[in-house]
Amino acid sequence: MSGSHFALVDCNNFYASCEQVFRPDLRGRPVVVLSNNDGCVVARSPEAKALGIGLGDPYFKIRYAFEGSEGIAFSSNYTLYGDMSRRVMDTLRTFTDEIEVYSIDEAFVGLRDPQPNLLSCARALRSTVKQWTGLTVSVGIGGTKTLAKVANRLAKRGTGVCNLIGHEDMQGVLSEVAVEDVWGIGPRYGRMLASYGITNALQLSEADDQWVRRRMTVVGLRTVLELRGIPCSGLNETQQPKKAIVRSRQFGRDVVDLEEILEPLASYVAAAARVLRKQGSVAGAMRVSIATSRFNEYTYANSIFRTLPWSTAHTGELIDWACQCMRQIYRPNFVYRRCGVMLTALTPADMQQTSLLNQEHYDGKKRALMEAIDGVTVQWGERALHWAREGLGQGWRMRQGRRSPRYTTRWDEVPVIAL
DNA sequence: TCTGGGGTCCTAGGACCC
DNA sequence: TCTGGGGTCCTAGGACCC
């Protein structure tokens, strides 16, 4: 533990800001980014927040008023956001190796600097990221990750940087933080705590350990200890391989027929299998799910878990098994809106157990084929090559009518400056 | 017409084994 | 007529995160 100084670096309004970096004309205007299928608002510029647009608002409900206020909405452009995220993280890595990328738009950074330098270090991070990527970050520093999160909230409200290390009035600071704004306290715990009169972070930090343990498990207890300044979690510097890989999406339109549902399913399996191979794993089990819209009159949802005959990362095998699962849970006469697949029981591909009885497994030949396919995909894009089961028409694909260009990753979509 | 997607961790309870 | 105790594995469900 490096002196227990944690900085949380968090991009402000990340998705909306990514759009504005490449569209200077939109700076200062209300901008929102929508979820898949252009369903809900998932990111807002400050101007959009000022209009009262809420996170998660269904777009069709606010569209009229929003566009009437000169607002502009974008479909999610994850290719762009992912690349911008990589640029931010690469910038942070020029300052330190002690970095845990926590999500697409935030990272914990370990700071070794002596205390008087912490704020100037935070300002340097902030201005460099701004200069190199065009994005604004807030930096909060604390003795634990939970306190760094608190500091980051304060930073966002103030000058963009905040240091709580050695703060002379921590009690005052914590008493100003609503309990449900504490990292790890969601709506359920927030309500439960409120019913016991605990409404701010200071009160939570003073709660009885045993009581917290009983009501909120060890996870809640760790949060309380971290509020008191006792670190319970360090930086996860090495990226752990994922334990599950999920692909599940709403269709762009209603789907009724089994054969038609197998197309998106195959496509999600193929996408999940790419991620699986990228982290060098094979899957030993899968769960396949299907559901109608929650808003339908007649709803049906089901899922099935299956241990696979052998562990594999072969897309074709995974698709076959997933389709078998789907045939078991599909019921006719429902109008479906989503299906999904989860790959689990993941193990490293080079540590496979070969069964004596079952000669077949993910062998060199299959691996070579998958490597070749992945190579083509990297070079020519994910749609260059696909399994027949994924279908050709793909009318179920999600709607993305408002997607911005992939400015940073496609030669044919780089911004052009007119002379 | 239109309501997101991908993860983690913990606990309880059942099945099964010795 | 009687019905232990401990360990492990699996699953479902609940909570949280962004």
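Classification of the A/Tyr300-A/Phe334 ring pair by plane angle, with boundaries at 30° and 60°, yields parallel. Using cut-offs of 30° and 60° for the angle between ring planes, the A/Tyr15 and A/Tyr81 rings count as parallel. A/Tyr330 and A/Tyr336 have tilted rings, their planes meeting at an angle from 30° to 60° on a 0 to 90° scale.
A close approach under 4.0 Å does occur between a side-chain nitrogen or oxygen of A/Arg338 and OP1 or OP2 of B/dG5. Considering only side-chain N and O atoms, A/Lys149 lies under 4.0 angstrom from the phosphate OP1 or OP2 of C/dC18. Between A/Arg253 and B/dC2 there is no side-chain polar atom (N or O) within less than 4.0 angstrom of OP1 or OP2.
Closest contact between the side chain of A/Trp183 and the listed nucleotides B/dG6, B/dG4, C/dC18 involves C/dC18.
Looking only at distances, a side-chain donor or acceptor of A/Arg367 sits under 3.5 Å from a matching main-chain atom of A/Ala349. Panel note: side chain A/Arg277, backbone A/Ala313; a donor-acceptor pair is recorded below 3.5 Å. Listed for the A/Asp10 side chain is no donor-acceptor partner under 3.5 Å among the backbone atoms of A/Val139. With hydrogens and angles disregarded, no donor-acceptor distance shorter than 3.5 Å links the side chain of A/Gln250 to the backbone of A/Ser293.
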Could you encode protein contacts along nucleotides 9-14 of chain C as a string, one character per nucleotide from 5' to 3', using B for base contact, S for sugar-phosphate-only contact and - for no contact, with a heavy-atom cut-off of under 4.0 Å?
--SS--
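As judged by a 4.0 angstrom heavy-atom cut-off over every strand, A/Val275 is placed among residues making no nucleic acid contact. Counting non-hydrogen atoms under 4.0 angstrom, A/Asp38 reaches nothing in the nucleic acid. Residue contacts for A/Ile185: at a heavy-atom cut-off of 4.0 Å it reaches the sugar-phosphate backbone alone, with no base atom in range. At the heavy-atom level, A/Tyr189 lies under 4.0 Å from the strands shown only through sugar-phosphate atoms. Contacts of A/Arg222 with the nucleic acid, taken as non-hydrogen atoms under 4.0 Å apart, involve only primed sugar atoms and P, OP1 or OP2. Here A/Arg63 lies out of heavy-atom contact (under 4.0 Å) with every strand.
Under the Watson-Crick or G-U wobble criterion, with both distances below 3.5 Å, C/dG6 is paired with B/dC17.
Taking the charged nitrogens against the carboxylate oxygens, A/Arg29 and A/Glu19 have no contact shorter than 4.0 Å, which rules out a salt bridge.
A donor and an acceptor atom, one from each side chain of A/Ser404 and A/Asn77, are located under 3.5 Å apart.
Contacts with DNA chain C (heavy atom under 4.0 Å) in residues 325-336 of chain A: none are found.
Straight-line distance between the C1' atoms of C/dG4 and B/dC17: roughly 14 Å, to the nearest whole Å.
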